[in-house]
Protein chains: 2
Amino acid sequence: MSLSGHSPPGELESEPADARPPRRGRPPKAEGGSAGDTAILDAAEALFAEHGFDGVTLRQVSKRAGVDTALVHYYFSSKRGLFDAVFLRRAAILNEERLRALDAYERAQGARMTVRGLMEAFLRPVLEPSTHTGPGWRSYFALVAQVNNTPVWGGETMTRYFDPVIHRLIDLLRRVLPEAPEAELYWAYHMVSGALTLTMGQTGRLDLLSGGLCASSDLSTAADRMVAFATAGFEALRPGTSTSA
Amino acid sequence: MSLSGHSPPGELESEPADARPPRRGRPPKAEGGSAGDTAILDAAEALFAEHGFDGVTLRQVSKRAGVDTALVHYYFSSKRGLFDAVFLRRAAILNEERLRALDAYERAQGARMTVRGLMEAFLRPVLEPSTHTGPGWRSYFALVAQVNNTPVWGGETMTRYFDPVIHRLIDLLRRVLPEAPEAELYWAYHMVSGALTLTMGQTGRLDLLSGGLCASSDLSTAADRMVAFATAGFEALRPGTSTSA
DNA sequence: GTCTATAAGATGATAGAC
DNA sequence: GTCTATCATCTTATAGAC
C-alpha cells in the first residue's frame, strides 16, 4: 500500500470542534506534513465538503477552526496541502477497515465466497451507521463524492488513495466470477463506485425526487439497497444471465 | 414541464468557438435572460465542467470567449445567471429527447414493456456516441456529474432541471414492476443516477483503475454496460430474486 | 506555536463612453 | 452591443514580533 503513515483511529473523532482541546503529544511539524492540528482539519473537512476546493477560503477555515490564517500555512504549507491532509486522514482508516473486512471474509469462506458476501464486506464498513456516524464522516463522504466526479485531478486523487483496496476487491471478485471478462469487472465496479459515492454524498436529491419517501440520511436502508444493487450488477456478468443478453 | 423556453437544437453546436461568427437574429436580451451569446455559453460550459463553479472566474470565461468581461454581465447579469443558462441549454434538449424516447417506447410496446426496454429508452439518448459526441456535450456531461454530487444546491439543481423526465421513467417502471415497493424504485433509480453521471463525467478514473484496459471515453461500451447494470438492478426488485433476499 | 501586519494580486460587479 | 476604466473587496501567502 502506497499510503504513508496515518494517525491512530481512536483519537480522531473530536467532532464538536468548538472549543479546541489542549492538544498534547509530539509537535505535528516533525511528521512530514501529514499530521497537523485537528481543529483545522475538522473545519476544512466540513467546508471543503460543502463548497468544494475552490469554494473555500483559508480565512473561512481558520475562522471556523478558531485559529489564525497564518497557522494554516504553518501546519499545511498551502491550501492544497491542507486538502490532501483532509483527504488522507479518513482514507487511511477506511482502507484499513475494508481491507480487514475483505481479508476476514476470504479467510472465513475460502472457495465458498459469493458476490453478495464480497459486496457486504466491501460496502458495510463504509455505510454501516454505527461505525461512521457523526458530522465528520458525513462531511468526508460528501467530499469523496465530489472528488470522484471531478475530471482529471479527481480521478487521479481517487486512484492515489483508494486503488489498493479496490484491486483487492476485484481480485476476489475474479475468483467468484471466473467467467466474467476482465474489462466487464472493471466497468461493473465503476457503476458501483458511482452509485456508492452519490449515496455517500447525501446530497438531498433522493429526498426531493421521492417527495420525502426516501431519505438520503437513512444509511441503514442505503446500505441494504446498495448491497442488493451492486450484487445484482455483478451477478449479471455471469454468462447466460438474461440481463446480459 | 417547468422548464422555460429553450433554443432550437439545430443551431447549438458551434464547437470550434475560436473565431466568433457574426451572430444574426433577434437580440438575446429580449428573451427573459435564458438565451445569450453562444460563444460565452460555450466557453463557460467548458470551464465550469473542468473546474467547477467556484473554480472559474468571469475573466477566464470572457477571455476564452473572446469578449470583454462586462459583456458577460450584460447578457447574464451575474456569474450564477451564466451558470444557470449553461445548465439549462442542453438540459432542455436532453429532456425532450428522453421524453420522446420513452413515449415512443410506451406507444410501441404497451403492456409488453420490459425493464431493459425502458433502460434503453432512458439511457441511449444520453450515451449513444452518434448523438451527443463533441466537446460541448462532453463538457456538459462532466458538469452534470459534478452538480449531481454537490450537496444541497446540487441536488436542488438536478431536481429543478431533470425531475419531470425521471418521474415519467419511474411511472413506467412501476407498471413493469408492480410488485416492487415504491421506495425501492426510487432507491434503485438513485443508484442508476450515480452510475450514469459518473460514467458521463469521464473523469479518467476507470482508465487508471483498469490500467488502460477500459476507456472512459468509450461511450459505446459504456452504454452497453450501463444498460446491463441498470437492468439487473431494477430486475432485482422483483420479489423472490436471489439478490434481494 | 501563535499572532499582527502586510504584500501582491485577483475577484465580481458597475458606471459610462462610444 | 461592446468596450475602457474602476470600485471595493477578497485572495493566498509571507515576514517577523512575541
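In the text below, chain A, chain B and the rest are named by the order of the sequence lines, each starting its count at 1.
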Check your understanding: At under 4.0 Å between heavy atoms, what does A:V56 touch on the DNA or RNA strands: base, sugar-phosphate, or nothing?
Key -> sugar-phosphate

Check your understanding: Atom OG1 in A:T203, atom NE2 in B:H190: separation rounded to 0.5 Å?
Key -> 5.5 Å

Point to revise | N or O in side chain of A:Y75 less than 4.0 angstrom from C:dT2 OP1/OP2 | key: yes

Exercise for review: Check the distance between C:dA13's C1' and B:F83's CZ and give it to me in whole angstrom.
Suggested key: 20 Å

Exercise for review: Round to a whole Å and report the spacing from OH of A:Y74 to C1' of D:dG16.
Suggested key: 15 Å

Exercise for review: Give me the ring orientation class for A:Y140 and A:F87: parallel if the planes are under 30° apart, tilted from 30 to 60°, perpendicular past 60°.
Suggested key: tilted

Exercise for review: May I ask you to say what A:S78 touches in the nucleic acid, namely base, sugar-phosphate or nothing, with a heavy-atom cut-off under 4.0 Å?
Suggested key: sugar-phosphate

Exercise for review: Please work out which of the three classes, parallel, tilted or perpendicular, describes the rings of A:F48 and A:F53, given edges at 30° and 60°.
Suggested key: parallel

Check your understanding: Nearest-Å distance, CG (B:L58) to P (D:dC7)?
Key -> 20 Å

Exercise for review: Report the nucleotide, chosen from D:dA13, C:dC3, C:dG12, that has the shortest atom-to-atom distance to any side-chain atom of A:L71.
Suggested key: C:dC3

**Study point:** Shortest side-chain distance from A:A70, nucleotide among C:dG1, D:dT14, D:dT4
**Key:** D:dT14

Check your understanding: Which nucleotide in the set D:dT11, C:dG1, D:dC3 lies at the smallest distance from any side-chain heavy atom of A:T57?
Key -> D:dT11

Exercise for review: Check the distance between C:dG12's C1' and A:D54's CG and give it to me in whole angstrom.
Suggested key: 16 Å

Study note, to complete from the structure: The nucleotide from D:dC3, C:dA13, C:dC3 with an atom nearest the side chain of B:D68 is D:dC3

Review point. With A:R205, which of B:N148, B:V152, B:V147 fulfils side chain to side chain contact (heavy atoms under 4.5 Å, CB included)?
Key: B:N148

Practice item. Figure out the NE2/P separation between A:H73 and C:dA7, and round it to whole Å. Key: 17 Å

Practice item. Starting from C1' on D:dC3, measure out to CG on B:D37 and report it in whole angstrom. Key: 14 Å

Point to revise | Spacing between A:K63 atom NZ and D:dC10 atom C1', to the nearest angstrom | key: 14 Å

Check your understanding: Tell me: NZ of B:K79 to P of D:dT9, nearest whole Å?
Key -> 19 Å

Check your understanding: Should A:D103 and A:R168 count as an ion pair when the cut-off is N to O under 4.0 Å?
Key -> yes

